[in-house]
Amino acid sequence: MGKANQDIAAPGRVKEITSQANPAIKEIRALFQKKYRDRQRIFIAEGRKLIVDALDQGWTIRTLVYAKAAGAEFETTAARAVAAGGDALIVPEKLLSAITRRDNPQMVIGVFEQRFKALETIAAKQSEVWVGLDRVRDPGNLGTVIRTVDAAGAKGVVLIGDCTDPYAPEAVRATMGSIFSVPVVKCTEDAFCQWRPRYSGLVAGTHLAGSVDYRTVDYTDRPLMLLMGNEQKGLSERLAGQCDVLVRIPQAGKADSLNLAVSTGVVLFEARRAALVLGDDGDTQ
């Protein structure tokens, strides 16, 4: 690892690996299966930017794997990972392809510990917006929603019921790094409904039966929980019953619905419009 290796003074280890049969490589490849991610409470992030973002925000790294042919900047990232207590594995590029199952893999991947926030910690604070997702099934949709929540300056995402894994590789890729800056809550529908009476903010849900145009709701200076439904079935009737208002997105064409991530972005940016124009501190942006 050149000079970067000399600068490392931490509990992590540096090792060069060339075989797919190596136990460490096998364990990392297994993380593409949800049962192993759940068991170990870890996940994979691909690409130097995502890994640097995670390290900058204090996420715990277990292992960093990077191509032997990568440039000096990757050695610097590896040095940071080892300094933070992670192991650094130097591998041939073809081994990265085998790990990620992609023909043109990123030159570096990181293995990080998962984080989930407890539902009970969410409070109705002025202007804070959370997005609740009911049984979202597509990892690309979920990752895009997390990225959109980040872009809009909303607080976080609540996964309700049988949702896809936010730490699946496809979901993490779709977040473009926002998985490291957006808090994620995971709960059952029962738990959400039991918690709901303690939330004093506005709960708004998109629903086919919604009679209110989403643009007419006054979101200004109000805590908001925005509930979005499953891609095929929409919001469950039980969750719809937890809403203060059910809204709709008017459509002019022949399509009868919008993609979940698009719908979330449309309503979320309207709800956050005042804050995005003025800034959360009241200064014009």
Side-chain angles (χ1 to χ4, degrees), residues 127-179 181-187 189 192-193 196 201-220 222-277:
S127 300
E128 279 194 358
V129 177
W130 284 80
V131 173
L133 299 176
D134 174 22
R135 298 163 297 151
V136 59
R137 302 305 303 153
D138 184 88
N141 268 340
L142 176 53
T144 303
V145 169
I146 291 173
R147 183 182 181 187
T148 303
V149 164
D150 193 7
K155 190 65 176 179
V157 173
V158 181
L159 304 179
I160 306 169
D162 186 20
C163 289
T164 191
D165 184 6
Y167 293 112
E170 301 92 335
V172 173
R173 288 183 201 127
T175 72
M176 295 296 287
S178 293
I179 189 66
S181 55
V182 174
V184 176
V185 172
K186 185 168 62 172
C187 66
E189 186 177 76
F192 183 87
C193 292
R196 167 66 180 97
L202 175 69
V203 178
T206 57
H207 198 280
L208 289 175
S211 59
V212 178
D213 187 319
Y214 78 100
R215 296 166 296 185
T216 65
V217 177
D218 182 10
Y219 306 102
T220 309
R222 303 177 71 180
L224 171 66
M225 175 68 69
L226 173 63
L227 295 184
M228 306 295 298
N230 170 269
E231 291 96 335
Q232 283 77 43
K233 299 181 180 180
L235 199 61
S236 76
E237 291 307 310
R238 187 178 182 194
L239 288 177
Q242 302 295 316
C243 294
D244 299 305
V245 60
L246 293 176
V247 302
R248 59 182 176 83
I249 302 173
Q251 295 172 62
K254 294 183 179 180
D256 59 3
S257 63
L258 289 172
N259 169 271
L260 172 62
V262 172
S263 298
T264 303
V266 168
V267 182
L268 181 57
F269 271 85
E270 176 63 24
R272 290 285 296 158
R273 180 163 54 91
L276 290 166
V277 171

>> Could you go through L260 and V136, starting from their C-alpha distance and side-chain angles, then the distance that decides it, and tell me whether this counts as side chain to side chain contact (heavy atoms under 4.5 Å, CB included)?
In response: CA-CA 9 Å; L260 172 62; V136 59; 3.5 Å; yes
>> Determine whether M225 and K155 satisfy the following criterion, side chain to side chain contact (heavy atoms under 4.5 Å, CB included), listing intermediate values before the conclusion.
In response: CA-CA 10 Å; M225 175 68 69; K155 190 65 176 179; over 6 Å; no
>> Pair T175, V182 - check side chain to side chain contact (heavy atoms under 4.5 Å, CB included), show working.
In response: CA-CA 10 Å; T175 72; V182 174; over 6 Å; no
>> Walk me through whether W130 and V185 qualify under side chain to side chain contact (heavy atoms under 4.5 Å, CB included).
In response: CA-CA 10 Å; W130 284 80; V185 172; 4.0 Å; yes
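Using a 4.5 Å heavy-atom threshold, the side chains of V149 and S178 count as separate.
A pairwise comparison of heavy atoms in A271 and L224 identifies CB-CD2, 3.6 Å as the closest pair. Here the shortest heavy-atom pairing between T264 and L226 reads O-CD2, 4.4 Å. Scanning both residues, E189 and R238, for their nearest heavy atoms gives OE1-CD, 3.3 Å. The two atoms that bring A152 and R272 nearest to each other are O-NE, 2.9 Å, heavy atoms only. Between C187 and F192, the shortest heavy-atom distance links the atoms SG-CB, 4.0 Å. The minimum heavy-atom distance between R137 and P139, with the atom names listed, is O-CD, 3.5 Å.
Distance check, rounded to the nearest 0.5 Å: CG of L235 to SG of C243 gives 5.5 Å. With rounding to the nearest 0.5 angstrom, the CG atom of L239 is 11.0 Å from the CG atom of L133. Here CE of M176 is found 10.0 Å from OG1 of T144. Values are rounded to the nearest 0.5 Å. Here SG of C163 is found 9.5 Å from NZ of K186. Values are rounded to the nearest 0.5 Å. With rounding to the nearest 0.5 angstrom, the CG atom of D218 is 9.0 Å from the CG atom of L202.
Residues passing the side chain to side chain donor-acceptor pair (under 3.5 Å) test with N141, sequence neighbours excluded: E231, N259. In this view, I249 and Y214, L258, S263, V266, V267 satisfy the side chain to side chain contact (heavy atoms under 4.5 Å, CB included) rule, not counting sequence neighbours. Take D162 and apply the side chain to side chain donor-acceptor pair (under 3.5 Å) test, not counting sequence neighbours, and it matches no residue.
With respect to the salt-bridge test (charged N to carboxylate O, under 4.0 angstrom), the residues D244 and R196 qualify. The residues E170 and R173 are annotated as not salt-bridged, no charged nitrogen and carboxylate oxygen being separated by less than 4.0 angstrom.
Checked by atom type and distance alone, the side chain of D134 never pairs as donor or acceptor with a backbone atom of L227 at under 3.5 Å. Between the side chain of N230 and the backbone N or O of R135, at least one donor-acceptor pair lies under 3.5 Å.
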